S.K.: 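Here you go, one structure.
Every number for a ligand or one of its atoms is a count from 1 in the order of the listing. Source: prediction; values computed, not measured.
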Amino acid sequence: MTTSLAEDLQAICPGLKPDEPLAAHTSLAIGGPADYFVEVLTHAQLVALRKYLRKYPLPTFFLGAGSNLLVSDRGIRGVVIHLSGELRQCAIDGDRVTVGAAMWLPALARQCAEQGLSGLEALIGVPGTVGGGLVMNAGTREGVLGDVVESVEVLDSDARVRRLPREALGLEYRRSNLEEAWILGATLRLKADERSSIMSRIDELLRHRAQTQPIGTSNCGSVFKNPPGMAAGQLIDQAGFKGMRCGGAQVSERHANFIVNGNGATAADVWQLIQQIQATVFEKFGVKLELEIKRVGEW
Ligand code: EPU
């Protein structure tokens, strides 16, 4: 690490942490160090960072809640950007909600429900941020974030704010074309409904989730996408993987599409288990399971 680069980054974002272990920032509690972990608290800091990195290009990676990631044991080179502070704000105006990329999805869903606004119930148990949720069009069988997005605000490569209308986002099942975008936030369009009926839907979804998923463990949500018309969890279960271990990583006994870090797992353990699952499911059922989680860093 060159000192002057660290000093420059520190001047833009005082929350800079060099060589920050990413295991502290992922829900799997796995991941080696980021060269530069930058906590961005304001819109102005993000603009300054984008301008700086245009002059001195370094690889960048946005880390939201770290709940859908497998970060390499060697970590991530370059700058890992974590949004917080004013980028976590949310403003409600009638049925329109303007929200920052760092806002926690379950908190947003609850806040809107309390205001009698429906449309985000499906996200009540999705442990991610608005930014990450937009990139991967996060959600459940009951609905996805993309369903209610009207537009997304990004910083372009010249650090100017651009508003992308919904049609420009390329929203599909667990994907969008926002992968490389510097997302500031989004405008959502919700529907007015009885607060009590929204709340009871939320309670039911949380109850179902607690019954079917390994809540309270270190995991990264569904590891694989559901192949069209099939359930990845069912295929992995039928292939006999429930409870199967590789080092400290284990296929959940509760839901076979979850891998749990039960005992000091490394990213390599998780990756090995993933490859075993893919190979066996392909051999038994002729189905290629695609990753839903993102595998990032230096492998
Ligand atoms: N199943 C099994 N064995 C298992 C797990 C599931 O046989 O070990 C069967 C279930 O009995 C059911 C089917 O597989 O018939 C589907 O299971 P489930 O209802 O749990 O839903 P899922 O398709 O596995 C999807 C999302 C989840 C979301 C739930 C509920 C994907 C990849 N996953 O899971 O999203 O919470 O629906 O809406 O689309 C995530 O994406 O990270 C996530 C957790």
Side-chain angles (χ1 to χ4, degrees), residues 26-30 63-71 104-106 108-110 118-148 171-176 178-179 198 200-245 249-262 270 273-274 276-278 280-281 284-285 287-296:
T26 62
S27 59
L28 257 179
I30 289 176
L63 186 136
S67 53
N68 196 51
L69 294 180
L70 177 60
V71 177
W104 179 244
L105 288 167
L108 176 66
R110 196 167 285 279
S118 167
L120 291 169
E121 294 89 308
L123 295 151
I124 193 68
V126 175
T129 60
V130 166
L134 288 166
V135 172
M136 66 169 292
N137 197 10
T140 67
R141 287 180 182 271
E142 291 73 32
V144 292
L145 182 55
D147 293 342
V148 295
L171 295 165
E172 286 175 30
Y173 169 61
R174 299 292 191 275
R175 77 162 298 282
S176 74
L178 292 166
E179 199 72 44
I198 306 174
S200 67
R201 283 198 293 279
I202 281 182
D203 290 344
E204 174 54 25
L205 289 169
L206 287 176
R207 199 184 53 76
H208 180 73
R209 187 166 171 268
Q211 276 172 355
T212 56
Q213 298 179 9
I215 309 299
T217 64
S218 297
N219 69 72
C220 53
S222 297
V223 173
F224 300 100
K225 295 182 187 179
N226 282 337
M230 287 182 250
Q234 193 166 26
L235 294 170
I236 301 166
D237 189 354
Q238 286 171 357
F241 273 96
K242 267 193 174 165
M244 189 86 85
R245 286 170 194 275
Q250 184 177 26
V251 175
S252 165
E253 298 272 9
R254 181 162 291 189
H255 194 303
N257 198 15
F258 283 69
I259 291 179
V260 172
N261 175 4
V270 176
L273 198 46
I274 284 173
Q276 283 172 17
I277 292 169
Q278 282 176 319
T280 308
V281 166
K284 286 200 184 225
F285 308 112
V287 177
K288 283 192 176 160
L289 288 178
E290 261 182 54
L291 281 185
E292 173 177 311
I293 58 166
K294 242 195 258 177
R295 179 173 167 259
V296 294

S.K.: If hydrogens are left out, which of K242, R254, R141 has an atom nearest to atom 16 (C) of ligand 1, that is, the closest non-hydrogen atom?
M.R.: R141
S.K.: Under 4.0 Å between a Lys/Arg side-chain N and an Asp/Glu carboxylate O for R201 and E204?
M.R.: no
S.K.: Looking at ligand 1, is there an atom of it that comes within less than 4.0 Å of some heavy atom belonging to Q213?
M.R.: yes
S.K.: I'd like to know if atom 38 (O) of ligand 1 has any protein heavy atom within a distance of less than 4.0 Å.
M.R.: yes
S.K.: Let me know which of N219, I274, I236 forms a side chain to side chain contact (heavy atoms under 4.5 Å, CB included) with I259.
M.R.: I274
S.K.: Checking the N or O distance criterion of under 3.5 Å, is ligand 1 in contact with T212?
M.R.: no
S.K.: Counting only N and O atoms by type, is there a donor-acceptor contact under 3.5 Å from the side chain of N68 to the main-chain atoms of E292?
M.R.: yes
S.K.: For I124, run the side chain to side chain contact (heavy atoms under 4.5 Å, CB included) check against T140, D203, I202 and tell me which one passes.
M.R.: I202
S.K.: Under 3.5 Å, is there a donor-acceptor pair between the side chain of N137 and the main chain of S176?
M.R.: no
S.K.: Find all atoms of ligand 1 within a distance of less than 4.0 Å from any non-hydrogen atom belonging to Y173, and give their numbers and elements.
M.R.: 31 (C), 32 (C), 39 (O)
S.K.: Taking 4.0 Å as the limit for heavy-atom contacts, which would you say applies to D237 with ligand 1: side chain only, backbone only, both, or neither?
M.R.: side chain
S.K.: Starting from atom 8 (O) of ligand 1, what is the nearest protein heavy atom, named by residue and atom, and what distance separates them?
M.R.: A256 N, 2.8 Å
S.K.: Tell me which protein heavy atom sits closest to atom 40 (C) of ligand 1, plus the residue, atom name and distance to 0.1 Å.
M.R.: S222 OG, 3.1 Å
S.K.: Considering all heavy atoms of both residues, which atom of L28 and which atom of N261 are nearest to each other, and what is their separation?
M.R.: O-ND2, 2.8 Å
S.K.: Say whether S222 and R174, considering side chains only, have a donor N or O and an acceptor N or O under 3.5 Å apart.
M.R.: no
S.K.: Closest by any non-hydrogen atom to atom 35 (O) of ligand 1: pick that one out of M230, E292, R174.
M.R.: R174
S.K.: Under 4.0 Å from a heavy atom of F224: give me the atoms of ligand 1 that qualify, with their elements.
M.R.: 32 (C)
S.K.: Using a 4.0 Å heavy-atom cut-off, say whether F241 meets ligand 1 through its side chain, its backbone, both or neither.
M.R.: neither
S.K.: Protein heavy atoms: any of them under 4.0 Å from atom 12 (C) of ligand 1?
M.R.: no
S.K.: Counting from 1, what ligand 1 atoms have a heavy atom of G221 closer than 4.0 Å?
M.R.: 42 (O)
S.K.: Give the residue, atom name and distance (to 0.1 Å) of the protein heavy atom nearest atom 9 (C) of ligand 1.
M.R.: Q234 CB, 3.9 Å
S.K.: A231 heavy atoms, cut-off 4.0 Å: which ligand 1 atoms fall inside?
M.R.: 13 (C), 14 (O), 16 (C)
S.K.: Locate the shortest heavy-atom distance separating P106 from V126; write the atom from each residue and the value.
M.R.: CD-O, 3.2 Å
S.K.: Locate the shortest heavy-atom distance separating T212 from H255; write the atom from each residue and the value.
M.R.: O-CB, 3.3 Å
S.K.: Tell me which protein heavy atom sits closest to atom 24 (O) of ligand 1, plus the residue, atom name and distance to 0.1 Å.
M.R.: H255 NE2, 2.9 Å
S.K.: If the contact criterion is a heavy-atom separation under 4.0 Å, does Q238 count as touching ligand 1?
M.R.: no
S.K.: Over all heavy atoms of both residues, which pair between A232 and P227 is shortest? Give the atoms and the distance, please.
M.R.: N-CD, 3.9 Å
